[in-house]
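Order of the sequence lines sets the chain letters (A, B, ...), proteins ahead of strands, with each chain counted from 1. All values derive from a computational prediction rather than experimental measurement.
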Protein chains: 2
Amino acid sequence: MSLERFEKKKTLDLRKKHIGPSCKIFFSHDPIKIVQAKGQYMYDEKEQSYLDCINNVAHVGHCHPDVVKAGAQQMELLNTNSRFLHDNLVVYAQRLQATLPEKLSVCYFVNSGSEANDLALRLAWQYSGHKDIITLENAYHGHVSSLIDISPYKFHQLSDAEQNQFVHVAPSPDVYRGKYRADHPDPATAYADEVKDIINKVHKKGGKIAAFIAESLQSCGGQVIPPVGYFQQVAEHVRKAGGVFIADEVQVGFGRVGTHFWAFQLQGEDFVPDIVTMGKPIGNGHPMSCVVTTREVAEAFMSSGMEYFNTFGGNPVSCAIGLAVLDVIVKEDLQGNALRVGRYLTNLLEKQKEKHPLVGDIRGCGLFVGVELVRDRSKLTPATAEAQEVIYKLKEQHILLSADGPHRNVLKFKPPMCFTTEDADLVVEKIDHILTVLIVISKQLLYPHSVQ
Amino acid sequence: MSLERFEKKKTLDLRKKHIGPSCKIFFSHDPIKIVQAKGQYMYDEKEQSYLDCINNVAHVGHCHPDVVKAGAQQMELLNTNSRFLHDNLVVYAQRLQATLPEKLSVCYFVNSGSEANDLALRLAWQYSGHKDIITLENAYHGHVSSLIDISPYKFHQLSDAEQNQFVHVAPSPDVYRGKYRADHPDPATAYADEVKDIINKVHKKGGKIAAFIAESLQSCGGQVIPPVGYFQQVAEHVRKAGGVFIADEVQVGFGRVGTHFWAFQLQGEDFVPDIVTMGKPIGNGHPMSCVVTTREVAEAFMSSGMEYFNTFGGNPVSCAIGLAVLDVIVKEDLQGNALRVGRYLTNLLEKQKEKHPLVGDIRGCGLFVGVELVRDRSKLTPATAEAQEVIYKLKEQHILLSADGPHRNVLKFKPPMCFTTEDADLVVEKIDHILTVLIVISKQLLYPHSVQ
């Protein structure tokens, strides 16, 4: 049976006619039509397979049968709102809580990472009674209007960007390209002190800090791994100012980092955020997400007197799916797999760095890995065009990878968690070949006579 | 097989422990645990059935087999984001477009009514280059922070409500209790002139109108049906000021009003909004929603240069479910059923109005019906406690109804669209009995000796 209704050209034409032109397509000059997917593979209309290194939403593998079954069975029984009592809601909240430090005990179920981060801001504003938010350079926290305001990754795209007066941008704790680098004696303190300085400046202007928000590892911002101890120090400064620490785990949670279930735990046992937001992988593609916070923050939010009602959030189907995802992570030891395959992949990539001068930095935790391409290892000139070339050549060979970061020169690995060492071998072999050819071509361009 | 994992008390205890206390439960002194549902019926853990008169989300009936099947089949095949081409996305956009005036041709798929209304604001701000929004008294448009700002229904609940300076509240076009009533010669013009006055005041202060937003029929605001011609006149004033008209169909769209597919169409063929937002019923409970706008607005939004990406929005599963809902509405003539059963229900309720002085007003279109209870038909004193009493007594008899509006004295009918004339007979018969007893009791309280 054909899984397509229209020929690809017709699909594209209809898309141009009826879908907002701001909604971009991958590889827009020659987009991919995907009709089926399984595990870490996607299939186009001609049944050609693509190795998927980018879909962190399909966390436990595309169309995992346990997740599909849990969703289908609950859809048949009941799908309604959380104003009625239902066991799925409370069991799921209990199970999520068990993965977190004990004081993070109160859940709000919503439909997307954007809804989660917006609610986190509302919680912070209400709890602190303050308005000012500190966010990181290159951060992306979602698409609703309040989050565009705190997402330099987005608002810098606007020509007439008028920064919200309550939003303050701290340097990204990037020890490769940032203000304080690996050669700095204590980058964690140096970056945290930048946050302290912002707090002082805000106070001088009469402002008051409601929250500091950061992805536990910056994803769109360029796969940045903050130095250990940074979050603890930031939290101390922010709490002293009466604000809260929001850890955005939308892209990086649920075991992806391998050693821990949550990426903020990479900072150490002594660090506990006040609010954690979840998203993408939570339902393996089903639209759902969650905000978890402390009893104190939750009580303060309630004390405003305003009900919080989310029509779809926490419905029995979403909770059944969320539970199935947690079960599969355990049953198939996907966190362990992320750790093992992630290390294997990082080692392979380190060898690429030895071989190809274009590879400036390899950084990763589990199956969250970044490869930063630079034209010059001391100047760190971003190899943006080269990164695009790698992505396009890989796509021709049916491997899906993306490039991101402020200079679009960081190759981003965030595959489904069932990714294997064989998959790692394949993609690194292809990258090796592409980089080798790239270097020959650039040498020809730079020194045409020497290569002739 | 038991469909509950815990006894009800344990479910409630876990909920108190792990779910945000701002998330309210229906009938909190004795909540209902629902484990299954079908058509217009919900079933508790003891297999007792409840007639559902309130769940407008379960639009084509709880757990409709066609919708469940479409979702389950697509979940097995593929669930991914809209950066890949997929036929479900474009077919669904085409089908939705076919229900709308031709110029509303560009869709953005998102995950909830809140995401839809927030995006509508972003479109309006970008298209107009203006900031000021006009909203209606008692309006509710969603739970994200930008929408609390334009929802007096919510922000009036806050003790320290500080109204956003860019938000302006126009009188609700309520011809029963509002500023201009049924006895006014031209309430449509009178209410529209109020909007014109606001625009003039905004202009005097140097502001500029980005949008007027209203539910096509106010739902939480008290089941208010604006007089015909109001939207046309408002649109004229708003467009003259460079703003757009946003019709919020989240609660009232998809054939509920019976005579038309969209509630804004009740205003006449000559009225076309610039932006329409959809939600609740669109996926029969699946978390999804949509914003539809004109090519001009969509192009202006794109011209900012900022990509719009929504992780889950427009995924193949959501689109398959959305298509199945549209199919069932046609196949089972649910719009026709809403018209017929809605008229039947309204006629029965009119007889209640003749019989019980407490029934002040019956208003409805299709299966969107409001019954406003008042203690005095000339003073319109809201019969709030009586409305609560009706709701609680109905619940004891296993009928789910709610009371809403600024005084919580409007009984709100918005059942699944498969509601029957027999269901209408049953609920009105019960209401008749409750009102009869209520009147005897209040007479006893008011004139104890005369009744003894």
Side-chain angles (χ1 to χ4, degrees), chain A residues 4-6 11 14-15 18-26 31-34 36-37 57 63 68 71-72 75-80 82-85 87 90 93-94 97 106-108 111-112 118 121-122 143-146 154 157-158 280 285 287 298 301-302 304-308 310-312, chain B residues 4-6 11 14-15 18-26 31-34 36-37 57 63 68 71-72 75-80 82-85 87 90 93-94 97 106-108 111-112 118 121-122 143-146 154 157-158 280 285 287 298 301-302 304-308 310-312:
Chain A
E4 64 171 352
R5 195 187 285 233
F6 304 127
T11 309
L14 280 172
R15 176 155 175 145
H18 289 307
I19 301 297
S22 308
C23 306
K24 304 293 186 200
I25 313 183
F26 278 132
I32 310 175
K33 186 169 183 180
I34 295 292
Q36 202 163 0
V57 173
C63 304
V68 171
M75 279 169 74
E76 267 181 44
L77 273 179
L78 176 69
N79 186 11
T80 194
S82 63
R83 280 178 175 148
F84 302 98
L85 288 178
D87 289 340
V90 299
Q94 202 179 27
Q97 203 286 309
V106 183
C107 302
Y108 299 84
N111 306 302
S112 66
D118 181 86
L121 294 182
R122 290 187 59 200
H143 53 70
V144 302
S145 46
S146 62
K154 294 300 271 190
Q157 288 174 29
L158 294 176
K280 298 185 188 286
F301 189 57
M302 187 189 62
S304 78
M306 198 194 282
E307 179 188 357
Y308 181 78
N310 189 304
T311 301
F312 306 128
Chain B
E4 64 171 350
R5 195 187 287 232
F6 303 127
T11 309
L14 280 172
R15 178 159 173 142
H18 290 307
I19 302 296
S22 308
C23 306
K24 304 293 188 201
I25 313 184
F26 278 133
I32 310 174
K33 186 169 183 178
I34 295 291
Q36 202 163 0
V57 173
C63 303
V68 171
M75 278 168 74
E76 267 183 45
L77 273 180
L78 176 70
N79 186 11
T80 194
S82 64
R83 280 177 175 149
F84 301 98
L85 288 178
D87 289 341
V90 299
Q94 201 179 28
Q97 204 286 311
V106 183
C107 302
Y108 300 83
N111 306 301
S112 66
D118 181 86
L121 294 182
R122 290 187 59 201
H143 54 70
V144 302
S145 48
S146 62
K154 294 300 271 188
Q157 290 174 28
L158 293 175
K280 298 185 187 289
F301 189 57
M302 187 189 64
S304 78
M306 197 193 283
E307 180 187 357
Y308 181 78
N310 189 304
T311 300
F312 306 128

Determine the option with the most heavy-atom pairs under 4.5 angstrom with chain B, choosing from A93(A), P31(A), A298(A), S112(A). S112(A)

Choice from A37(A), G305(A), A72(A) maximising heavy atom contacts with chain B below 4.5 Å: A37(A)

If you tally heavy-atom pairs under 4.5 Å against chain B, which of M302(A), E307(A), H18(A), M75(A) wins? H18(A)

When D87(A) is tested against each of R15(B), K33(B), R5(B) for salt bridge (Lys or Arg N to Asp or Glu O under 4.0 Å), which residue passes? K33(B)

Measuring from atom CZ of R122(A) to atom CE of M306(A), what distance do you get when rounded to the nearest 0.5 angstrom? 5.5 Å

Heavy-atom contact with chain B under 4.5 Å, split by part of Q97(A): side chain

Going by heavy atoms in the side chains, are N310(B) and N111(B) under 4.5 Å from each other? yes

Where is the tightest heavy-atom contact between Y108(A) and C23(B), given as atom of each residue plus distance? CD2-SG, 3.9 Å

Quick check for you: among G71(B), P287(B), C107(B), which has the greatest number of heavy-atom pairs under 4.5 Å with chain A? P287(B)

If we define contacts as heavy-atom pairs under 4.5 Å, which of I25(B), V90(B), V57(B) has the most with chain A? V90(B)

Residues that S146(A) engages under side-chain contact (heavy atoms from CB on, under 4.5 Å), provided they are two or more places apart: D118(A), L121(A), V144(A), S145(B)

